[in-house]
Enquirer: 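Shown below is the structure under consideration.
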Amino acid sequence: MFRVESKDYVLLLSTTVFLVLFGLVMVLSSSTVESRLEDGDFFFQAARQGMFAVIGLPLMLIASRFPERFWLRIAWPLLIVSCALQLLVVATPLGIEVGGNTNWLAVGPVQFQPSELIKVALVLWLGLIVTKKQAYLGDFRKGIIPILLVGGGSIGLVLLGGDLGTVMIMGAMLLGALFLVGVRFRLLLPPVLLSAAVFVIVAVSSDSRMRRISAFLEENCAQGDSDDCWQIQHGRFALANGGVFGVGLGNSTAKWSWLPAADNDFIFAIIGEELGLIGAVIVIALFVLLAVAFARVLRSAQTPFAKTVTASVMVWVIGQACVNIGVVLGVFPVLGVPLPLVSAGGTALVTTLFAIGVVLSVARDPEATARAAARATARVAARAAAGRTR
C-alpha cells in the first residue's frame, strides 16, 4: 500500500495529504461558532470533516493500487450510475435545494452530491474514450462530437439543478483535458463559444445570479449598498483584518456569523484573516506545487488514459482552486465553488481524493503502466484476429 515507485508519486501524495490536514485545522477554526449555533456542538462540523478525511485518504491510497485496465472497465458503468443519481436530484422529490441550487440527493439519513460523482466518472470516461478514439482526435465529426455529446449531456444534468459554478468547472475539465492531450484548439473553439453562450443565458435567467453579477460589475460592493454584497464585503474585511501576519489561529472575528460559508466557499478569507498574507501566500504556493506535481505526472505519462485522467484532474482541482480564491479576492463574482481539499464538504473531499488516487495509480510506475496497457492491447488484437480466422 505504501510502497513508492516514482518521485512524482511522492510529490503529489505529500502535497495532497498536507492540504487535507491543513484544511482540517482551518475547518475546525472557522466552523466552531456556526457549529455551536446550529448543532449545539463546537466541533460538529470539524468532526464531520475529519470523518470524511478518514474515509477519503485510505480510499485514495487504495485507488492508487488499481491498474489502468480496471478503470477502463468501470468507466461507463460509473458514468451511467452517477447520471442516474443526478436525474433523481432534478426529477424527483429526493433532490434537496441548498443555496438556490438543487444539487443534493437525500436517501434516508444520507445526503450527498451526485454532481461530484459525475466529475470522477467523467475523468475515467474521458480516459476511456480518448484511448479508444486516439486516431480520431483530429477529426471533429468522428472524434470530438461523440465526446462532447456524452460529456456535455452529463454536465447538462448538473446544469438542470442550477449549480452554475460546478458546471463551469466540469466544462473546463472536459475541454481543458482534451486540449492538454493534444486536440487542436480550432476543433475546441466551437464548443468553447457555445459553452460561453450557454453560461451567459443561464446566468441572466436567474435574478439572484444577475444581482450578484451586477453588484460585481458595478462595484456597488465598495459602498456596501446591496444585500448581495454582504458576503463579498465581509470576505474583504476578513482579509484586511489579517494584515501581513494575521490575528492568530482561531482568533477570526468574521466567523462570528459575519461571513456566510466561512468554513466552505469563503474559507480562504478566514485563512487570510487568521494567518495573514503569509498564510494566504503559502496556501497559494501549495496549490502551485500541486499543479507542478500534476504536470510532472502528465509529462511522464505513457498511455492516452494516463495523460487524459491526469490532465482532467489537474484542470478540475487547480482550476477550482483558482476560481475559489479569485472569488474571495474579488476577481470573480460569487459562484459557490469550494476550495478543493481545504473547504468543508464531505462529498467533495472524498471524490477529489478518489480522483487524485486514480492519478496516483498511473504515477506509481509509468513504464509498467505502459507495458501493461500494451499487453492488454495485444490481447484484444489477438482475440480479434482469432475471430476473423474462424
Enquirer: Check whether Val54 and Leu349 end up in the same hydrophobic cluster, where Ile, Leu, Val, Met, Phe, Trp and Tyr are linked by side-chain heavy atoms less than 4.5 Å apart.
Expert: no
Enquirer: Between Leu339 and Asp265, is any pair of side-chain heavy atoms under 4.5 Å apart?
Expert: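 Heavy-atom side-chain distance check fails, nothing below 4.5 Å.
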Enquirer: Which heavy atom of Gly272 sits nearest to which heavy atom of Leu239, and what is that distance?
Expert: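 For Gly272 versus Leu239, the nearest heavy atoms are CA-CD2, 3.8 Å.
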Enquirer: Could you tell me whether a side-chain N or O of Gln302 sits under 3.5 Å from a main-chain N or O of Ser300, the two making a donor and an acceptor?
Expert: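 The answer is yes, because a donor-acceptor pair under 3.5 Å joins these two groups.
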Enquirer: Once you round to the nearest 0.5 Å, how far does CE of Met314 lie from CZ of Phe294?
Expert: 8.0 Å
Enquirer: Could you please spell out the steps behind the side-chain contact (heavy atoms from CB on, under 4.5 Å) verdict for Ser31 and Phe42?
Expert: CA-CA 8 Å; Ser31 66; Phe42 285 107; over 6 Å; no
Enquirer: More than 12 heavy atoms of other residues, nucleotides or ligands under 6.0 Å from CZ of Phe140: is that the case?
Expert: yes
Enquirer: Can you name the nearest heavy-atom pair linking Thr32 to Leu28, along with the distance?
Expert: CG2-O, 2.9 Å
Enquirer: Going by heavy atoms in the side chains, are Leu85 and Phe112 under 4.5 Å from each other?
Expert: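 The answer is yes, as the side chains (C-beta and beyond) meet within the 4.5 Å cut-off.
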Enquirer: Would you indicate whether the side-chain heavy atoms of Val17 and Leu21 approach each other to under 4.5 Å?
Expert: yes
Enquirer: Classify the ring geometry between Trp258 and Trp230 as parallel (under 30°), tilted (30 to 60°) or perpendicular (over 60°).
Expert: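 If you compare the ring of Trp258 with that of Trp230, the planes turn out parallel.
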Enquirer: With sequence neighbours excluded, tell me which residues meet side-chain hydrogen bond (donor to acceptor under 3.5 Å, both in side chains) with Thr92.
Expert: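 Thr92: no side-chain hydrogen bond (donor to acceptor under 3.5 Å, both in side chains) contacts found.
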Enquirer: Does atom CZ of Phe18 have more than 12 heavy-atom neighbours, drawn from other residues, nucleotides or ligands, at distances under 6.0 Å?
Expert: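 No, the 6.0 Å shell around CZ holds no more than 12 heavy atoms from other groups.
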Enquirer: Can you hop from Val281 to Leu249 via hydrophobic side chains spaced under 4.5 Å?
Expert: no
Enquirer: Measure across Ile270 and Ala262 and return the closest heavy-atom pair with its distance rounded to 0.1 Å.
Expert: CG1-O, 3.5 Å
Enquirer: Distance alone, cut at 3.5 Å: any donor-acceptor contact between the side chains of Gln320 and Lys119?
Expert: yes
Enquirer: Any chance you could measure Met168, atom CE, to Leu159, atom CG, to the nearest 0.5 Å?
Expert: 12.5 Å
Enquirer: Looking only at the side chains, is there a donor atom on one of Glu34 and Ser257 sitting less than 3.5 Å from an acceptor on the other?
Expert: yes
Enquirer: What are the two closest heavy atoms between Leu259 and Ala269, and how far apart are they?
Expert: CD2-CB, 3.9 Å
Enquirer: Roughly how far apart are Leu188 CG and Leu148 CG, rounded to 0.5 Å?
Expert: 7.5 Å
Enquirer: Closest approach of Val327 and Pro333, non-hydrogen atoms and distance?
Expert: CG2-O, 3.3 Å
Enquirer: Under a 4.5 Å cut-off applied to non-hydrogen side-chain atoms, are Leu290 and Leu341 in contact?
Expert: yes
Enquirer: Please evaluate residues Trp76 and Val150 with respect to the criterion side-chain contact (heavy atoms from CB on, under 4.5 Å), reporting the C-alpha separation (whole Å), side-chain torsions for both, the decisive distance (0.1 Å), and the verdict.
Expert: CA-CA 11 Å; Trp76 266 115; Val150 177; 4.1 Å; yes
Enquirer: Just checking, is any N or O donor in the side chain of Glu274 or Ser29 under 3.5 Å from an acceptor N or O on the other one?
Expert: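 Result is yes, a qualifying pair exists.
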Enquirer: To the nearest 0.5 angstrom, please state how far the CZ atom of Phe305 sits from the CG atom of Leu126.
Expert: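 CG of Leu126 is found 10.0 Å from CZ of Phe305.
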Enquirer: Could you give me the CA-CA distance, side-chain angles and deciding distance for Thr253 and Asn241, then say whether side-chain contact (heavy atoms from CB on, under 4.5 Å) is met?
Expert: CA-CA 9 Å; Thr253 56; Asn241 188 41; 3.7 Å; yes
Enquirer: Do you know which of Ile267, Asn264, Thr166, Asp263 makes side-chain contact (heavy atoms from CB on, under 4.5 Å) with Pro338?
Expert: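 Single side-chain contact (heavy atoms from CB on, under 4.5 Å) partner of Pro338 among Ile267, Asn264, Thr166, Asp263: Asn264.
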Enquirer: To the nearest 0.5 Å, what is the distance between CD1 (Ile232) and CZ (Phe332)?
Expert: 13.0 Å
Enquirer: Nearest 0.5 Å, please: how far is CG in Leu11 from CG in Leu289?
Expert: 5.0 Å
Enquirer: One thing to verify: whether Glu273 and Lys255 come together as a salt bridge, which I'm taking to mean a side-chain N less than 4.0 angstrom from a carboxylate O.
Expert: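 Judged by the 4.0 Å cut-off on N to carboxylate O distance, Lys255 and Glu273 do not form a salt bridge.
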Enquirer: Measuring centre to centre across the rings, with the benzene-like ring taken for any Trp, is Phe354 within less than 6.0 Å of Trp71?
Expert: yes
Enquirer: Please name the pair of heavy atoms, one in Val359 and one in Val309, separated by the smallest distance, quoted to 0.1 Å.
Expert: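 Heavy atoms of Val359 and Val309 come nearest at CG2-O, 4.0 Å.
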Enquirer: Could you walk me through whether Ser361 and Glu68 pass the side-chain hydrogen bond (donor to acceptor under 3.5 Å, both in side chains) test, one step at a time?
Expert: CA-CA 8 Å; Ser361 72; Glu68 181 176 305; over 6 Å; no
Enquirer: Is there a side-chain contact between Leu105 and Ile96, using heavy atoms and a 4.5 Å cut-off?
Expert: no
Enquirer: Using modelled atom types only, decide if a donor and an acceptor are shared between the side chain of Arg184 and the backbone of Gly138 within a distance under 3.5 Å.
Expert: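 Flag set: sc Arg184 to bb Gly138 pair under 3.5 Å.
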Enquirer: Given side-chain contact (heavy atoms from CB on, under 4.5 Å), test Asp139 with Ile144 step by step and report yes or no.
Expert: CA-CA 7 Å; Asp139 188 319; Ile144 306 303; over 6 Å; no
Enquirer: With a 4.5 Å limit on heavy-atom distance, are the side chains of Leu79 and Ser154 in contact?
Expert: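 The answer is yes, as the side chains (C-beta and beyond) meet within the 4.5 Å cut-off.
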Enquirer: With Phe22 as reference, evaluate Val27, Ile271, Ile282 under the side-chain contact (heavy atoms from CB on, under 4.5 Å) test and give the passing residue.
Expert: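 For Phe22, the side-chain contact (heavy atoms from CB on, under 4.5 Å) check succeeds only for Ile271.
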Enquirer: Consider only side-chain heavy atoms of I, L, V, M, F, W and Y, link residues closer than 4.5 Å, and tell whether Ile62 and Met60 are in one cluster.
Expert: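 Yes; Met60 is reachable from Ile62 via cluster members.
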Enquirer: Using the rule that Ile, Leu, Val, Met, Phe, Trp and Tyr join whenever any side-chain heavy atoms are under 4.5 Å apart, tell me whether Leu87 and Leu122 fall into a single cluster.
Expert: yes
Enquirer: Would you check if Val313 and Val358 make a side-chain contact, meaning some heavy-atom pair closer than 4.5 Å?
Expert: no
Enquirer: So, do Pro146 and Ile129 sit near enough that their side-chain heavy atoms are less than 4.5 Å apart?
Expert: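 Pro146 does not reach Ile129 side chain to side chain.
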Enquirer: Same cluster or not: Ile278 versus Leu286, using hydrophobic residues (I, L, V, M, F, W, Y) connected whenever any side-chain heavy atoms lie under 4.5 Å apart?
Expert: yes
Enquirer: Keeping Gln45 on the side-chain end and Ser35 on the backbone end, is there a donor-acceptor pair under 3.5 Å?
Expert: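 Not at all, since once roles are kept as given, no pair shorter than 3.5 Å links the two residues.
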